[in-house]
2 protein chains.
Amino acid sequence: MKADTPRIEEYLESIYKLQQDEHPVSTSRLAEHLKLSAPSVSEMTKKLAQKKLVNHTEKGICLTQEGNRIAKKVIRRHRLSERLLTDILGFRWDEVHDEACRLEHAISPEMEKHIEESLGNPKTCPHGFPIPDENGVIVKEKLRPLSELKARDKGIIVSVFEEDPKMLQYLASLGLIPEVCVKVEEVAPFGGPLIVCVSGSRYALGREVASKIKVK
Amino acid sequence: MKADTPRIEEYLESIYKLQQDEHPVSTSRLAEHLKLSAPSVSEMTKKLAQKKLVNHTEKGICLTQEGNRIAKKVIRRHRLSERLLTDILGFRWDEVHDEACRLEHAISPEMEKHIEESLGNPKTCPHGFPIPDENGVIVKEKLRPLSELKARDKGIIVSVFEEDPKMLQYLASLGLIPEVCVKVEEVAPFGGPLIVCVSGSRYALGREVASKIKVK
DNA sequence: CCGTTTTATTAGGCACACCTAACTCTATAT
DNA sequence: ATATAGAGTTAGGTGTGCCTAATAAAACGG
Ligand SMILES: [Mn+2]
Ligand SMILES: [Mn+2]
Ligand SMILES: [Mn+2]
Ligand SMILES: [Mn+2]
């Protein structure tokens with residue numbers, strides 16, 4: 001019954017992430033996210049369905065309860081790895097994604113526990129996303145994208161949904177990282193940029209990027 | 001030219017280790033060490049020879065210069081991983097081998113550097129074996145197996161060549177770990193046990209085990 | 001010296017995870 | 001209404017890394 005390869009973990013993790021904004025996930029989006037051909041994903045999806053890890057209907061792909069459970073375990077290992085990399089090994093937050101994506105498949109339950117304890121039971125990854133607990137429970141906060149704030153609204157950055165290192169580095173250079181307080185000064189009309197104020201400085205920020213920054 | 005899979009790394013690492021006491025390594029020993037069938041190893045050896053990573057003659061298998069270079073890089077990552085596991089993540093020395101054997105294939109050159117620096121440039125793994133530097137240079141000391149000491153000889157334990165967790169735990173419980181001073185009180189004749197004195201206590205130790213403990 | 005054991009290889013096959021090319025079906029646009 | 005674009009699958013194929021069964025060659029013991 002123990003039928004879990006690194007690749008299966010990778011698929012489940014991707015489906016989980018994509019499910020956040022597209023509930024039944026489409027084959028094509030999944031293929032794009034995994035950087036694989038559509039037929040490869042189509043085939044693997046069939047195997048995942050056989051193993052009862054996903055339901056595959058005309059609407060798209062959904063994780064089953066079991067698939068969800070495994071996905072959250074992988075995400076837990078991914079986010080703990082990221083914290084290990086930044087907090088203990090001195091990586092920057094823009095360098096950790098690819099490293100963690102490899103590490104997450106090489107971490108035993110014992111190591112998971114040891115990392116968690118050594119880090120002092122962190123609640124989030126360096127990008128502000130919650131680390132599922134050992135039972136897969138995720139604490140979810142009600143958040144708003146920065147892009148939806150009105151002029152003069154304030155918020156505290158909780159998470160930054162961005163994997164591109166260049167962009168992450170740029171955001172960090174502006175001080176746009178979790179736990180930081182940000183104020184929207186102006187919102188340009190017609191989908192134009194936001195003028196935001198963060199730790200005393202004023203920056204223009206595109207809507208696209210702003211929508212990836214979640215505040216509370 | 002970049003043709004390096006985790007399995008190839010594993011083979012090269014095993015060959016390197018076996019070469020320590022059997023110079024051209026035999027297929028059967030390699031198969032035994034890797035816990036694979038002889039034909040699997042025979043086949044892979046052919047591929048390694050094609051890639052110029054080993055020379056395969058009637059005498060057996062030897063690493064080429066390039067094979068040696070890669071093997072040492074893998075061993076470097078293995079031993080750095082072990083140190084990370086014990087020194088930072090709080091594992092015991094008997095728990096780290098299998099973990100490190102997975103981690104060593106998931107560590108980038110950047111991570112290698114970061115681990116090394118975070119650990120304060122350790123010179124050995126928890127079992128006392130030297131960590132090759134970034135250029136693959138290994139500092140080799142002249143060592144004697146504990147089993148070859150005469151009665152009343154003293155030595156400082158440098159390394160313990162043992163992978164079985166049970167045995168490692170046992171040795172640690174006796175205080176037989178690197179950097180510890182050990183004195184041979186008696187040597188029983190006919191290949192019998194040694195009576196050793198370590199940190200004030202006296203223990204009987206089989207020849208077999210004693211030969212895996214290297215002292216200076 | 002000959003039979004037995006050990007060692008190594010060949011042959012054939014399988015699971016996994018990927019690919020391209022070709023096809024079907026649906027949504028959309030003119 | 002028909003042409004086109006997009007999404008998804010089927011078919012056929014590849015490379016990697018493992019297996020068992022059979023075979024060949026070498027080493028050893030009496
Ligand atoms: Mn991954
Ligand atoms: Mn993260
Ligand atoms: Mn390994
Ligand atoms: Mn070691």
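All values below come from the heavy atoms of this structure, side chains included, with hydrogens, waters and symmetry mates left out. Below, chain A is the first sequence line, B the second, and so on; all start at residue 1.
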Shortest non-hydrogen separation from A/Leu143 to A/Ser159 and the atoms involved = CD1-OG, 4.4 Å
Flag the pair B/Glu9 and B/Arg77 as a salt bridge only when some basic side-chain nitrogen lies within less than 4.0 angstrom of an acidic carboxylate oxygen.
-> yes
5'-most to 3'-most nt of DNA chain D touching chain B (<4.0 Å, heavy-atom partner on protein side) reads D/dG17 to D/dA21
Presence of salt bridge, B/Glu22 and B/Arg29, under 4.0 angstrom = yes
B/Asp164 with B/Lys166: basic N within carboxylate O range, under 4.0 Å | no
Taking only residues at least two apart or on different chains, which pairs with a member in residues 83-120 of chain A satisfy ring-ring contact (aromatic ring centres under 6.0 Å, His included)?
-> A/His78-A/His97, A/Phe91-B/His114, A/Trp93-A/His127, A/His114-B/Phe91
Atom-to-atom span, NZ of B/Lys59 to C1' of C/dA8 - whole angstrom = 16 Å
Using a strict 4.0 Å threshold on nitrogen-to-oxygen distance, state whether B/Glu66 and B/Arg69 make a salt bridge.
-> yes
Compare side-chain N and O positions of B/Thr27 against OP1 and OP2 of C/dT9 and report whether any pair is under 4.0 Å apart.
-> yes
Can you tell me if B/Arg76 uses its side chain to pair, donor with acceptor, with the backbone of B/Pro132 under 3.5 Å?
-> yes
Verdict with reasoning, A/His56 to A/Thr45, per side-chain hydrogen bond (donor to acceptor under 3.5 Å, both in side chains) = CA-CA 8 Å; A/His56 195 186; A/Thr45 300; 5.3 Å; no
Once each nucleotide of nucleotides 14-28 of chain C is scored for protein heavy atoms under 4.0 Å, what B/S/- sequence comes out, 5' to 3'?
-> ---SBBBB-------
